[in-house]
Amino acid sequence: MNRFALFLLALCLSLPAVAERKERLGELDVHHSVFNSSFLQPTIAAANGLVRSREQGVVNIAVLKAGQAQTAAVTGTVRDLLGREQALSFNQVTEGEAIYYLAQFKFSQREVLRFTINVTGSDGVARSFTFNQEVFPDP
């Protein structure tokens with residue numbers, strides 16, 4: 001599991017430096033990233049119940065409060081430009097003090113997807129945000 005945390009950290013550091021992928025929702029900082037599931041090593045994917053595929057993506061959400069990982073209820077949807085919507089089913093991954101929420105989604109071509117993420121923290125307050133992400137199937 002430590003390799004998985006290192007992989008996620010390396011992935012976040014390798015993203016383009018255009019902007020930090022973080023949303024401030026009240027007292028919560030919500031970090032998010034999207035990547036192709038085929039980037040995962042087979043053992044890492046299997047250990048986390050993820051399917052590796054050229055047409056499957058992964059959404060990674062981390063919720064922090066005052067710099068400390070927080071448990072939360074995370075739900076969401078992903079919508080393509082034609083309006084087709086998929087529900088995102090997040091699974092919590094806890095590794096030491098780190099807590100991540102992972103969900104998979106399908107896509108079939110290069111496209112821009114719109115993600116809506118809902119986060120309910122320990123205070124019971126539901127918060128949401130949206131972001132767009134371009135995805136590419138692996139060759």
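Two residues are said to be in side-chain contact when any heavy atoms from C-beta on lie closer than 4.5 Å; Ser33 and Arg21 fail this criterion. Taking 4.5 Å as the limit, some side-chain heavy atom of Leu88 sits within range of a side-chain heavy atom of Phe105. Phe39 places none of its side-chain heavy atoms less than 4.5 Å from the side chain of Val58. Side-chain atoms of Tyr101 and Asn60, non-hydrogen and from C-beta on, never get closer than 4.5 Å to each other. Considering only heavy atoms from C-beta on, Phe90 comes within 4.5 Å of Ile117 through its side chain. By the 4.5 Å heavy-atom criterion applied to side chains, Asn118 and Thr120 are not counted as neighbours. Annotation: side chain of Gln56 is not in contact with side chain of Asn36 (no heavy-atom distance under 4.5 Å). Side-chain atoms of Ile61 and His31, non-hydrogen and from C-beta on, never get closer than 4.5 Å to each other.
The distance from atom CG of Leu25 to atom NZ of Lys65, rounded to the nearest 0.5 Å, is 13.0 Å. Of the inter-residue distances, the one linking Asn48 atom CG with Asn91 atom CG reads 9.0 Å to the nearest 0.5 angstrom. Taking CZ of Arg127 as the start and CG of Leu28 as the end, the distance is 4.5 Å to the nearest 0.5 Å. Between the CD1 atom of Ile44 and the CG atom of Leu50 there is a distance of 10.0 Å, given to the nearest 0.5 Å. Note: Ser128 OG to Glu23 CD = 10.0 Å, rounded to the nearest 0.5 Å.
Environment of CD in Glu97: sparse, with no more than 12 heavy atoms of neighbouring residues, nucleotides or ligands closer than 6.0 Å. More than 12 heavy atoms of other residues, nucleotides or ligands lie within 6.0 Å of CZ in Arg24, so this atom counts as buried by the packing criterion. The environment of CD in Glu85 is crowded: more than 12 heavy-atom neighbours from other residues, nucleotides or ligands sit within 6.0 Å.
Scanning all heavy atoms of the two residues, the minimum distance from Arg52 to Pro42 falls at CD-CA, 3.6 Å. The minimum heavy-atom distance linking Gly121 with Ala72 is given by the pair CA-CB, 4.4 Å. In plain terms, the two heavy atoms of Gln104 and Gly49 that are nearest each other are OE1-O, 4.4 Å.
Classification of Lys106 and Glu55 as a salt-bridged pair fails, no side-chain N sitting under 4.0 Å from a carboxylate O.
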Step-by-step ring pair (Phe, Tyr, Trp, His ring centres under 6.0 Å) determination, Phe129 to Phe115: CA-CA 8 Å; Phe129 66 96; Phe115 293 83; 9.9 Å; no
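In this structure, Val30 is not a member of the same hydrophobic cluster as Leu64, with clusters built from ILVMFWY side-chain heavy atoms closer than 4.5 Å. Hydrophobic clustering (side-chain heavy atoms under 4.5 Å, transitive across Ile, Leu, Val, Met, Phe, Trp, Tyr) groups Phe107 together with Val34. Criterion: ILVMFWY side-chain heavy atoms under 4.5 Å apart, direct or through other members. Under it, Phe131 and Val119 are part of a common hydrophobic cluster.
In this model, a donor atom of one side chain and an acceptor atom of the other lie less than 3.5 Å apart for Thr130 and Arg114.
Counting only distance, with no hydrogens or angles, the side chain of Arg79 and the backbone of Gln86 share no donor-acceptor pair below 3.5 Å.
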